[in-house]
Amino acid sequence: MKQLIKNGRVIDPANKIDKIADVLIDEGRIAAIGTNLTAEDAMLIDASGKVVTPGLIDMHVHFREPGQEAKEDFKSGTEAAAAGGYARVATMPNTKPVVDTAALVRGLQKQAEDTGLVHIEIIGALTKGQNGTELAEVGDMAAAGAVAFSDDGHYVQKAKVLLNGLDYLRTFGKIIINHDEETSLVEDGYMNEGHKSAMLGLKGRPTVAEDIAVARDIMLAEYADARVHVAHISSAHAVDIVRQAKKRGVKVTAEVTPQHLTLTEDCVDLTDSATKTNPPLRSQKDVDAMLAGLKDGTIDMIVTDHSPHAEEEKDVEYAYAPSGFPGLETAVGVLLTDLYHTQKADLPLLISKMTAEPARIFGLDAGTLTIGKPADLTILDPNQEWTVEEKNFYTKGTHSPFVGRRLTGKAVLTMVDGRIVMKDGKVIC
Amino acid sequence: MEKNAVSLRGKDILGLEDFSANEIRLVLETATEMKNIIHRDIKKVPTLRGKSIVTVFYEASTRTRTSFETAGKYLGADVVNITAGTSSITKGESLRDTLLTVEAMGFDAIVMRHKAEGAAAYAAKVVQHPVIINAGDGAHAHPSQGLLNLFTLQQHKGHLEGLKVAIIGDILHSRVARSDIWGMRKMGIEVHLAGPQTLLPRFLYQEPGIFVHDRVEDAIKDADAINVLRIQLERQKAGLFPSTREYARIFGLNDERLALAKKDVLILHPGPMNKGLEISPYVAYGDHSVIQEQVQNGVAVRMALLTLVLTGGKSIEAAN
């Protein structure tokens with residue numbers, strides 16, 4: 001079977017392509033990219049005025065399997081991914097139980113195969129049960145195909161444990177993703193520490209907690225000559241610490257979320273836990289630093305930190321609500337509305353951070369439209385206007401701070417291995 | 001004052017940040033009338049007859065809950081109390097469901113105390129008919145306490161504008177301090193804060209009309225009133241100050257420090273007191289102390305609040 005995508009603006013950052021062209025897909029693989037392509041018996045897809053990109057990659061999602069399927073499962077999670085334009089996601093291991101053995105990794109891979117609509121990479125835990133003290137069987141998990149290791153949700157408090165992880169994982173060529181907030185400084189904190197938290201009487205999560213955690217992890221990676229990846233960076237100072245480290249050759253990479261690129265602590269409303277997330281929404285100065293870091297290469301990629309929770313868990317007192325909200329279905333719209341249409345960032349930059357860059361950092365055979373590669377591909381309509389409504393979400397998660405926002409820009413088609421899994425916002429199972 | 005221009009009828013009382021100066025004046029003026037009722041032989045007026053009030057307390061409280069209950073009863077309302085230890089809350093009922101249950105029973109006002117900041121605002125979003133009166137939400141707000149402090153100052157000083165008030169102690173965890181800060185600034189009072197630096201929130205210095213001091217003595221100097229905050233002993237265990245002994249010595253209010261204030265300084269304390277820690281017994285029971293009077297003023301202010309939110313204050317004349 002052939003598909004021919006006509007007249008789209010093809011942006012393939014890995015191959016430095018940005019031109020109006022046709023893309024031919026044959027037997028689930030990219031067959032040709034060029035102008036005026038024709039193919040008999042090909043299904044035609046008109047992409048005039050639209051943007052054709054490699055299938056988007058999100059290296060930081062929480063799909064809650066196993067154990068918390070009321071929040072999300074692989075089916076609902078990958079439907080949300082497909083709806084948002086993502087062809088590949090990586091799931092974090094803070095599930096019940098924690099994904100800390102090869103058997104669990106294999107079980108999830110099987111589950112992904114059976115119920116997942118898009119590719120799922122499994123991130124294993126760095127320590128047993130994410131307890132922060134004993135290394136999990138990361139070698140075994142790496143052999144089973146775990147893509148990376150993380151105690152996400154928790155800071156690896158003991159420096160020696162992280163150093164051991166950095167050293168030990170060198171054998172397997174896998175990297176550690178760190179949730180960097182120094183624990184004792186953020187305990188019981190629900191929002192950024194600042195003027196607003198002071199007046200509300202809420203305990204804050206200060207940026208310095210992130211800064212010192214990022215600094216420590218960079219020092220340890222530098223000392224071990226190992227690679228480390230900073231999850232959802234959010235503090236201006238931390239971005240600068242990463243920038244300086246990169247300058248002196250430390251193998252550090254970093255990711256940022258759409259929310260930390262666009263929202264500030266001013267959005268916090270204690271009657272709605274939608275804005276509650278870790279690290280918290282910061283100040284405008286921090287938001288500006290995220291964009292600067294994204295543009296100068298300090299921040300390598302964009303992730304959603306898609307963190308769905310059940311309605312009844314989020315509809316409680318702000319302090320008692322779990323942190324996080326779903327992001328897969330709003331990321332493209334938010335990024336295009338707040339960064340592209342405002343001329344703060346161009347499309348090749350944004351797309352690179354969601355395709356070529358994550359593929360490069362994590363060694364994925366994905367994120368490109370190279371001839372012969374499996375056809376994971378996304379079509380974006382940068383000008384489509386739409387309103388974020390919870391009832392239209394495919395995720396089981398609720399309480400997104402973007403609900404109600406009028407956005408300009410949306411993924412209109414997602415293709416995985418040549419199969420269309422989403423068209424015009426409708427997921428096709 | 002144009003009394004008709006402002007009305008609190010149906011307004012949720014969540015924090016003094018939501019109040020205008022005129023609204024605060026209306027409460028204080030109404031409280032003056034209410035205080036007379038407390039001094040009567042027969043302390044019962046029909047102002048709120050047929051109205052029902054429920055107090056929902058998720059945290060322990062003696063004076064605030066009793067004060068609201070008493071206020072409601074003096075005004076002829078029916079008052080029911082729910083406390084966390086003896087209700088379905090212990091069975092894990094969510095705040096939303098508890099509120100909806102209470103609303104379904106037809107209460108006109110819900111007086112709520114909760115340890116989570118923003119819980120009162122959340123409650124106001126959950127229920128439609130009843131007004132929410134915040135009796136303390138975490139370290140965020142305790143508006144009726146802020147109002148009774150203003151009322152007490154007004155009764156003694158005759159005016160509020162231009163006064164200098166010091167608030168001493170654990171500002172970080174204090175909803176009373178925050179309500180004082182909002183209320184006092186709106187009434188033109190200069191607020192001076194001092195305490196251990198570990199118990200002062202960063203970033204407060206950005207607020208106009210607020211002065212943060214390193215030393216208690218500097219905050220107290222020439223003060224018209226000093227509000228001494230309660231120090232919770234668990235703060236010491238959390239490492240926020242070294243010992244109660246050192247606290248009393250360096251930050252406690254004693255006669256020596258009191259002498260730095262104005263001659264007619266008033267001493268306030270929201271209670272319950274740790275005598276010998278944040279305040280010496282001599283100061284607590286001394287000539288300048290209005291701590292007991294605060295309790296009585298609390299009933300008057302809560303009578304005013306309940307009347308104003310439930311009736312708009314129209315029946316005040318009848319009550320007199």
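Here is the naming used below: chain letters follow the sequence lines, and residue numbers restart at 1 for every chain. Just so you know, these numbers use all the heavy atoms, side chains as well, and skip hydrogens, waters and symmetry mates.
- The two residues B/Ala116 and A/Glu317 make their nearest non-hydrogen contact at CB-CB, 4.0 Å.
- For B/Lys164, the NZ atom is densely surrounded, since the number of other residues' heavy atoms within 6.0 Å is greater than 12.
- Side-chain rings of A/Tyr320 and B/His114 approach one another, their centers coming within less than 6.0 Å.
- Within a 6.0 Å sphere centred on NZ of B/Lys11, heavy atoms belonging to other residues, nucleotides or ligands number more than 12.
- A 4.5 Å side-chain heavy-atom check between A/Leu200 and B/Glu117 finds every atom pair outside the cut-off.
- Using a 4.5 Å cut-off on side-chain heavy atoms (C-beta onward), B/His173 and A/Lys203 make contact.
- Interface residue A/Glu193: backbone and side-chain heavy atoms are both found under 4.5 Å from chain B.
- The local environment of CD in A/Glu389 is crowded, with over 12 non-hydrogen atoms from other residues, nucleotides or ligands closer than 6.0 Å.
- In plain terms, the two heavy atoms of B/Tyr122 and A/Leu270 that are nearest each other are CB-O, 4.5 Å.
- Residues B/Trp182 and A/Met199 form a side-chain contact, since some pair of their non-hydrogen atoms from C-beta on lies under 4.5 Å apart.
- With a 6.0 Å radius and a threshold of 12 heavy atoms from other residues, nucleotides or ligands, A/Met219 has its CE atom at or below the threshold.
- In this structure, B/Lys125 places its NZ atom where more than 12 heavy-atom neighbours from other residues, nucleotides or ligands lie under 6.0 Å away.
- Considering every non-hydrogen atom in both A/Asp315 and B/Arg96, the closest pair reads OD2-NE, 2.6 Å.
- When B/Leu172, B/Ile181, B/Leu95 are compared by the number of non-hydrogen pairs under 4.5 Å with chain A, B/Leu95 comes out ahead.
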